[in-house]
Number of protein chains: 2
Amino acid sequence: MSQTVDRALSILPLLAEGPADLGQVADRLGVHKSTALRLLRTLHEHGLVYRQSDQRYRLGARLIALAQEAMENLDIREIAHPHLVRLNEQCGHTVHLAVYEEDEVLYIDKVESRYPVRMYSRIGKPVAITVAAVAKLLLADLPEHERRPLAEKLDYPMYTARSTPNAPAFLRELEKVREQGWATDLGGHEESINCVAAPIRGADGRVVAAMSVSAPNVVVTADELLTLLPLVRRTADGISGEYSGRNTAKGTA
Amino acid sequence: MSQTVDRALSILPLLAEGPADLGQVADRLGVHKSTALRLLRTLHEHGLVYRQSDQRYRLGARLIALAQEAMENLDIREIAHPHLVRLNEQCGHTVHLAVYEEDEVLYIDKVESRYPVRMYSRIGKPVAITVAAVAKLLLADLPEHERRPLAEKLDYPMYTARSTPNAPAFLRELEKVREQGWATDLGGHEESINCVAAPIRGADGRVVAAMSVSAPNVVVTADELLTLLPLVRRTADGISGEYSGRNTAKGTA
DNA sequence: GAGTCCGTTGCAGATCCTGCAACGCTCATT
DNA sequence: AATGAGCGTTGCAGGATCTGCAACGGACTC
């Protein structure tokens, strides 16, 4: 809607790929160098981009700090955290909390496994949306008219042989997940990692977040992990209750 | 430099304080509602702001994802991580990695304590710059003409009775830290928490990052923590060596 | 020491942004 | 049920702001 701002903001994902110099930025934006320079300067003044010693630009520290604040403002995160910690103390595995927003699912909290073998993931990282158990729960709850177009728009990378292969399979899976009220990912993202997940609901019953327990095969088998399902669901329900109970008049997730 | 972009970017820190509606944004920017609307829409298209169900705006998911990518691009982080993990395995305490950038110091990595009592901190969070051990190391290495103005510009909140009280005291502390090549924070941020920190240097000897070990009094006394200093310094030196050794032609921290 | 490459600056033209005013919607009030 | 207030939204005309050009300057190379 606003050309100048639009161009300026387009620089950010571009720099997220790695540092770039003025010429590269100008080229990729399709504007004159002097224009790119002015945009970069403005971004710089706000700390969103940083100029390294070799004069190239990269994303800046304030961007990271802003994102941090953004996450701390999410109320489910705050409410859920102690529950996640308790669950981790009970089962020892990695616990994740994720939300959906505008075609993306991201982890917003995590409690590390207490086993030496840890799964790689990071708070803030977009989730493998077509296979992750938490993603299934969040998408399964979308209204039909959003869910289908989204499913058809997605890519279906075959991380492993068990990854969701395409949109129809995904939609079928979502249907199943919606009915049973929980989800799994059995080696669909990384061959040796399994997850069980449960939804967290707001007062109106809509799914506002999802949580999961993940563990590698070498620690527990998929079957053993599934025995944790009741515990996971109970934890999720506890969070749901607290979240819808004292709803501090803030918006949805 | 660019008015429109400048205004648009000013919205981000504003929303970081919490959700706001159109009128509030327009007021705080000092522009007409229609102008604010167009800016917000542009930010929205890029996913940097999100519109909640109550129509108010807050920071969006893509901002978080961008920040995540920004951190993953930092090469020291990648090099340092395994060293931090090893150190954590050896001593059991919380280990932090921090960098300085444009008047800010922030944590870019963290390995959690294995003791039940954990210190609160978060990756991406700006550090208490006047008291944290890592901040002292990073600022101590700045050239005089940057260090002094910065020190005089800072606020000196008295988190505890041992917090650095003012600029002269801070500059003296930095001088000491620079000479001894390591730093501590003994209850200067939170009464019962102590840290020891060591610098990580690039090939040219400049400090590019700093790492620290933190532990609460209830787990180890300050004196006991200080006995870890040699180990911390050795770890930091190891990272320094690796960082300056195979310098993959990337920029500074 | 000449040449090339890149970032930087000032400027004039025109695009794009701004603020206004009016509209429509929702919600609260009478 | 009707009225009014509050808020977000739209179209428009005037003009401020942004754009691209061309020329400059510094660093590095051959």
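Each chain gets a letter, A, B and so on, in the order the sequences are listed, and its residues count up from 1.
- Each of B:Arg56, B:Gln24, B:Gln55, B:Arg51 was evaluated against B:Pro19; a single residue qualifies, B:Arg56, per the side chain to side chain contact (heavy atoms under 4.5 Å, CB included) test.
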Checklist entry - What is the per-nucleotide protein-contact pattern of nucleotides 6-23 of chain C, from the 5' end, where B denotes a base atom under 4.0 Å from a protein heavy atom, S denotes such proximity for sugar-phosphate atoms only, and - denotes neither? => result -BBB------SSBBBB--

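- Just one of A:Leu137, A:Leu106, A:Leu150, A:Val207 meets the side chain to side chain contact (heavy atoms under 4.5 Å, CB included) condition when paired with A:Tyr100; it is A:Leu150.
- B:Glu179 contributes no side-chain N or O that, together with a main-chain N or O of B:Lys176, makes up a donor-acceptor pair within less than 3.5 Å.
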Checklist entry - Does the side chain to side chain contact (heavy atoms under 4.5 Å, CB included) test come out yes or no for A:Glu173 and A:Thr164, once each step is laid out? => result CA-CA 9 Å; A:Glu173 172 77 0; A:Thr164 311; 5.6 Å; no

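- Atom P of nucleotide D:dA27 and atom CG of A:Asp54 are separated by 16 Å, given to the nearest angstrom.
- Distance alone, capped at 3.5 Å, places no donor-acceptor pair between the B:Thr130 side chain and the B:Tyr156 backbone.
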